[in-house]
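Some notes on the structure that comes next.
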Amino acid sequence: MAGYTPGEQPRDDGIIKLNTNENPYPPSPRALAAMAELLEGDRLRKYPDPLGTVFRQTAGRVLGVDPNCILIGNGSDDVLTILTRAFVPQDGLIVSPTPSYMLYKTLADIQGARLQTVPFTDDWSLPEPWPLTQAHLTFVANPNSPTGTLVPFTRLEALANELQGPLVIDEAYVDFASAHALGLARLPNVIVTRSLSKSYSLAGLRFGFAVASADLVRELIKVKDSYNCDALSLAGAAAAIADQEYFRAARNKIIATRERLTTGLSELGFAVLPSHANFVWARRADRLVKTIYEELKKRKILVRYMNYPGHGDGLRVSVGSDPQIDRLLEEMRALI
Ligand SMILES: *Cc1c(COP(=O)(O)O)cnc(C)c1O
């Protein structure tokens, strides 16, 4: 099998890194303090809480969900792995719209299962009726990557009802959107996944979670590694999600910069879809954009180049800080 290819993580600090949707702002000072405090005690000597009780209670309060409906993960990728392991037999079927998150294919390969994809409609929604309802697991990233587009709640609700199996709504980017689907996690076949990597600036910590019915979560806990989240990440994640004031301020800055980036790239002749995430997907009708990616890289600006069969190529540009985006647009102007 071919493994998943993560975005480049260069060691050079001088690079403007806009390729893996990391947050340009630091994590909440309260999250950092909670982790520092833990390091001073003797907590690392002992195993962590396997259920992440403090995180579940805190996130439950912040999000308005029952803590028993929350499953903790070592990054939301771990949650996606747990779901695949729990629901998909060997030779089973996973379905996802395309173009979307490439990891779904890798998860299918690891499991010895097939991934079948369904193209988005021309307006980036899901075809109606959905053509493959008999999947063991259906993944829909919403907002989607690399497009940044958002499928309406009502369409997801209808899809959940059409499907015979579970629907995973991957909300890794939803904090940058104007709507979310947590309300659908009450349905018996819906699992909503979240990540602290992007909107909480904790990609290096590795923490994500799922929200689903308490019955489902109870079963999924049997499948996960007992100690899938370490004590440090549990402490940091609980403090980060409790600090909603800090979170909102950083998120609002990113949304404002995203709008400037969208306008700036459009003025340079890119076709940019309105984004609901912390990145934009920029394509051109007049040429392939690979050389632009390469030229930017020479100038120490890293964006993600992607080429999807049938959809052409494009640049996925993470929303950095305002000065980073100014530099990017300046270099782009010189290149085009
Ligand atoms: C980044 C990303 C994830 C993974 O997030 P982690 O919590 O860092 O594992 C999951 N799904 C999508 C669509 C992503 O882009």
Side-chain angles (χ1 to χ4, degrees), residues 3-9 17-24 27 31 52 55 59 70-85 94-108 110 115 117 120 124 137-151 156 167-177 180-181 191-211 224-225 228-230 232-234 236-238 240-241 247 251 254 258 273 275-281 303-304 306 308 314 316-319:
Y4 178 72
T5 311
E8 293 165 77
Q9 297 293 351
K17 196 171 170 308
L18 305 173
N19 68 328
T20 51
N21 303 338
E22 286 135 338
N23 196 309
F55 176 81
I70 297 176
L71 174 80
I72 57 167
N74 188 12
S76 73
D77 284 349
D78 178 38
V79 174
L80 302 177
T81 300
I82 294 165
L83 292 166
T84 306
R85 228 188 236 180
I94 299 178
V95 173
S96 138
T98 189
S100 189
Y101 191 31
M102 304 286 255
L103 183 73
Y104 305 142
K105 167 73 174 128
T106 311
L107 292 173
I110 294 169
L115 177 81
T117 55
F120 278 101
W124 299 103
L137 200 55
T138 301
F139 286 117
V140 177
N142 201 51
N144 187 47
S145 172
T147 56
T149 50
L150 190 76
V151 171
L156 293 172
L167 169 64
V168 179
I169 305 173
D170 180 344
E171 291 196 332
Y173 298 104
V174 83
D175 289 324
F176 304 103
H180 64 75
I191 301 111
V192 176
T193 64
R194 295 277 178 99
S195 170
L196 269 64
S197 296
K198 285 108 185 191
S199 52
Y200 288 87
S201 309
L202 289 170
L205 191 67
R206 310 306 304 133
F207 197 88
F209 61 97
V211 181
K224 79 177 186 76
D225 287 351
N228 62 332
C229 297
D230 61 84
L232 207 53
S233 73
L234 284 168
I241 206 162
F247 156 80
R251 183 209 36 206
I254 288 168
R258 177 182 75 198
L273 290 167
S275 171
H276 299 264
N278 69 334
F279 57 83
V280 302
W281 176 237
V303 300
R304 189 82 176 258
M306 288 175 170
Y308 285 87
R316 195 190 66 184
V317 184
S318 308
V319 179

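Counting starts at 1 for both ligands and their atoms, following the listed order.
Looking at every heavy atom in both residues, Leu103 comes nearest to Tyr4 through N-CE1, 3.5 Å. Of all heavy-atom pairs between Pro146 and Pro99, the closest is CD-O, 4.1 Å.
With ring centers used as reference points, Tyr173 lies 6.0 Å or more from Phe176.
The ring pair (Phe, Tyr, Trp, His ring centres under 6.0 Å) search around Phe209 returns Phe55, not counting sequence neighbours. In this structure, Ser275 has no side-chain hydrogen bond (donor to acceptor under 3.5 Å, both in side chains) partners at least two apart in sequence or on a different chain. With sequence neighbours left out, the side-chain contact (heavy atoms from CB on, under 4.5 Å) criterion links Arg206 to Asn74, Asp77, Ser197.
Residues lining ligand 1 at a heavy-atom distance below 4.0 Å are given as Gly75, Ser76, Asp77, Tyr101, Asp170, Ala172, Tyr173, Ser195, Ser197, Lys198, Arg206, ordered by chain and residue number.
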